[in-house]
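Counting starts at 1 for both ligands and their atoms, following the listed order. Quick note: numbers below take in every heavy atom, side chains included, and nothing from hydrogens, waters or symmetry partners. Every value quoted in this text rests on a predicted model; they were computed, and no experiment measured them.
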Amino acid sequence: MPDAVPAPPTAPPSGALLERLRAILGPAGLLTDPADTAAHVEDWRRLYRGRTAAVLRPADTAELAACVAACAEAGVAIVPQGGNTSMVGGAVPAADGSELILSLSRLNRIRAIDPVDLTLTIEAGATLKAAQNAAQEAGCLLPLSIGSEGTAQVGGILSTNAGGNNTVRYGNARDMVLGLEVVLPDGQVWNGLRRLRKDNTGYCLRQLFVGAEGTLGIITAAVLKLVPRPRETEVALCAVASAEAALSLFNRVQTHDPASIQAFEYMSGLGLRFVLKHIPGVSLPLSVPAEHYALIELATPRPEAGLRAALESVLEAAMEAGEVLDAVVAESGAQRAALWKLREEHSEAQKREGASVKNDVSVPVSKVPELIRRATAACERLMPGIRAVPFGHMGDGNIHFNLEQPEGMDPAAFLAQDHAIMDTVCEVVRDLDGSFSAEHGIGLLKPYMMPEWRGGAELELMRRIKQAIDPGGLMNPGKVLP
Ligand code: MLT
Ligand code: ZN
């Protein structure tokens with residue numbers, strides 16, 4: 001295949017363009033004061049800081065489309081931004097100030113919900129939490145859950161094809177999308193908000209925009225699939241003998257009743273110690289601290305399914321086999337939330353402990369213990385004193401193989417080694433037939449890895465798609481494609 005055509009240079013926003021955008025958006029819809037734009041130009045991890053002349057805050061799809069059309073005419077690039085919770089700098093503008101940020105926050109309406117069709121039609125700027133709440137009020141469940149769900153927005157979640165805790169049962173964000181509304185790079189609106197379960201009508205365009213990280217257009221609304229709300233939910237925290245024991249436990253639960261596994265998460269002893277150290281109001285409800293833990297959630301919409309008894313009998317058998325050392329099963333909704341908090345605060349606790357390098361990787365589920373063992377040893381060889389904090393979604397093979405700086409090391413000196421650390425982990429991941437990017441996406445952090453992992457025909461095809469849909473290179477430049 002021929003080499004890709006390099007993206008044409010984009011223009012800096014002129015005063016005339018900003019005036020035109022102000023006329024479209026009204027004064028409340030355009031932020032230009034650096035005090036107002038500051039929170040939009042830096043990512044959650046504080047790895048990247050860009051500059052921008054303005055943050056555009058359209059109130060609806062028509063305003064958004066008019067802004068995109070005006071920018072396209074002027075050749076000015078746009079960075080779409082949802083809750084700005086990206087782990088890979090996916091929503092940060094360039095440092096030269098040439099890109100405008102387009103915030104989806106005001107497009108946050110629930111357009112429709114149908115408990116018979118089991119669909120939710122929602123705008124991109126609604127938070128995932130708001131989407132979950134809307135589903136719940138209608139007696140349904142939106143089975144997508146991530147740590148940042150109170151801030152992360154539906155548009156960003158779809159654009160990154162987020163996964164999270166329930167992938168083991170329901171798949172990733174991609175699997176929940178029936179329809180999309182998208183503003184294309186020239187300002188056209190594609191209304192693909194269909195809520196059909198069967199619709200074979202040529203190329204599946206919606207799936208092009210899911211996971212594209214805003215590089216092909218801006219998702220403004222979506223039709224998401226819901227499921228019936230569970231009647232029974234059980235959550236258990238288990239201290240386990242090893243990562244291998246956690247895998248055996250997963251296998252036991254899966255063999256017993258695969259249809260009820262809602263989540264199966266792994267945590268290391270060190271990760272949990274960071275949570276206990278840095279997060280106020282949490283405690284370990286087990287008699288012995290361990291080096292490995294599993295958090296299990298089972299749920300079912302079936303009446304009288306007897307989940308509790310089933311869970312207890314699986315745990316008992318695993319204890320007899322020496323896999324589970326101790327376990328607690330939550331007795332109430334509050335206890336379930338408290339157990340989940342120990343898992344969900346991992347990222348925050350790690351941030352408070354010091355500088356960390358994240359590796360959002362996946363391997364076949366059966367290889368997770370080997371990944372943990374081999375990557376830990378490889379990183380310790382690379383940098384004595386480095387602290388491996390593997391945790392995450394064991395049930396779907398996605399481990400956050402995060403590395404915390406050695407105690408006392410200068411954080412900047414540690415972060416300067418990020419590529420060496422990421423490459424060390426990825427060498428093991430490659431050997432285990434895994435992926436260097438599981439659920440966080442590519443953003444600004446990982447485009448350099450694309451040629452090695454997805455080079456040849458695959459990357460060339462991606463470049464052709466980009467060229468066909470966004471020939472001006474105006475949509476989220478610098479992200480995904482190297
Ligand atoms: C999580 O599952 O908590 C996040 O995706 C992980 C991270 O901080 O790397
Ligand atoms: Zn995760």
Side-chain angles (χ1 to χ4, degrees), residues 43-47 82-91 128-129 143-153 156-157 159-174 211 213 237 262-268 270-272 274-275 278-279 282 293-297 337 339-363 365 368 371-372 375 379 387-405 415 418 421-422 425-426 429 434-446:
D43 67 314
W44 179 83
R45 295 179 62 191
R46 304 220 173 101
L47 290 182
N84 200 15
T85 58
S86 174
M87 296 283 194
V88 290
L128 176 55
K129 189 84 208 150
L144 187 61
S145 164
I146 63 174
S148 57
E149 62 200 21
T151 312
Q153 297 176 2
I157 278 165
S159 295
T160 55
N161 185 28
N165 306 328
N166 303 140
T167 300
V168 59
R169 177 150 171 192
Y170 302 98
N172 298 304
R174 183 182 297 294
E213 302 186 32
L237 175 68
Q262 193 89 348
F264 192 100
E265 300 281 309
Y266 168 84
M267 293 173 278
S268 71
L270 185 58
L272 208 69
F274 287 162
V275 173
H278 294 292
I279 307 296
V282 295
Y293 296 91
L295 182 72
I296 307 169
E297 180 165 308
L339 294 184
W340 266 109
K341 196 171 164 70
L342 293 170
R343 162 64 185 89
E344 292 299 15
E345 294 289 353
H346 263 61
S347 295
E348 187 57 40
Q350 253 178 279
K351 196 174 170 185
R352 293 184 192 178
E353 177 69 16
S356 62
V357 170
K358 288 184 190 289
N359 290 281
D360 166 46
V361 297
S362 61
V363 292
V365 178
V368 167
L371 166 72
I372 292 173
C379 289
R387 292 173 292 166
V389 193
F391 67 96
H393 318 294
M394 187 176 214
D396 65 50
N398 172 200
I399 291 297
H400 301 299
F401 199 91
N402 296 355
L403 285 309
E404 195 75 29
Q405 64 171 85
L415 290 177
D418 63 345
I421 295 169
M422 286 159 70
V425 173
C426 282
V429 170
S435 172
F436 70 109
S437 170
E439 62 170 3
H440 293 171
I442 303 295
L444 286 174
L445 185 66
K446 295 186 178 175

Asker: Classify the side-chain pair Glu344/Asn165 by whether it contains a donor and acceptor separated by less than 3.5 Å.
Answerer: yes
Asker: Any nitrogen or oxygen of His440, main chain or side chain, under 3.5 Å from a nitrogen or oxygen of ligand 1?
Answerer: yes
Asker: Met422 versus Phe436: any side-chain heavy-atom pair under 4.5 Å?
Answerer: no
Asker: Going by heavy atoms, is Asp360 under 4.0 Å from ligand 1?
Answerer: no
Asker: What closest approach, in Å, do Glu149 and Leu144 show between heavy atoms, and which atom pair accounts for it?
Answerer: OE1-O, 4.4 Å
Asker: Among protein heavy atoms, which lies nearest atom 8 (O) of ligand 1, and at what distance?
Answerer: Ser347 OG, 2.2 Å
Asker: Measure from the side-chain N and O atoms of Ser148 to the backbone N and O of Thr151, and report whether any donor-acceptor pair falls under 3.5 Å.
Answerer: no
Asker: For ligand 1, is Lys358 a contact, meaning one of its heavy atoms is under 4.0 Å away?
Answerer: yes
Asker: Under the criterion side chain to side chain contact (heavy atoms under 4.5 Å, CB included), I'd like the reasoning laid out for Thr167 against His393: C-alpha separation, chi angles, the key distance, then a yes or no.
Answerer: CA-CA 8 Å; Thr167 300; His393 318 294; over 6 Å; no
Asker: Going by chain and residue number, what protein N/O/S atoms come nearer than 2.8 Å to the Zn ion (ligand 2)?
Answerer: His393 NE2, His400 NE2, Glu439 OE2
Asker: What protein heavy atom sits nearest atom 3 (O) of ligand 1, and how far off is it?
Answerer: Arg343 NH1, 3.1 Å
Asker: Are any non-hydrogen side-chain atoms of Leu342 and Leu295 less than 4.5 angstrom apart?
Answerer: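 Answer no - side chains too far apart.
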Asker: Short list, please: which atoms of ligand 1 are under 4.0 Å from a heavy atom of His393?
Answerer: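 That gives atoms 2 (O) of ligand 1.
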Asker: Taking C-beta and beyond as the side chain, do Glu265 and Trp340 meet within less than 4.5 Å on heavy atoms?
Answerer: yes
Asker: If you count the atoms of ligand 1 from 1 in the order shown, which ones are under 4.0 Å from a heavy atom of Glu439?
Answerer: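 Listed by number with element: 2 (O), 5 (O).
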Asker: Taking all heavy atoms of Trp44 and all of Glu348, pick out the closest pair and write down the distance.
Answerer: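 What the structure gives for the nearest pair is CZ2-OE1, 3.8 Å.
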Asker: Can you check whether Asn398 reaches His400 side chain to side chain, under 4.5 Å on heavy atoms?
Answerer: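 Yes, at least one pair of side-chain atoms sits under 4.5 Å.
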Asker: Considering only heavy atoms, does Gln350 approach ligand 1 within less than 4.0 Å through its side chain, its backbone, both, or neither?
Answerer: neither
Asker: Could you pull out the closest heavy-atom pair between Pro390 and Ile372, with the gap in Å?
Answerer: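 Heavy-atom minimum between the residues: CG-CG2, 3.9 Å.
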Asker: Does ligand 1 have a heavy atom under 4.0 Å from the side chain of Ile146, from its backbone, from both, or from neither?
Answerer: neither
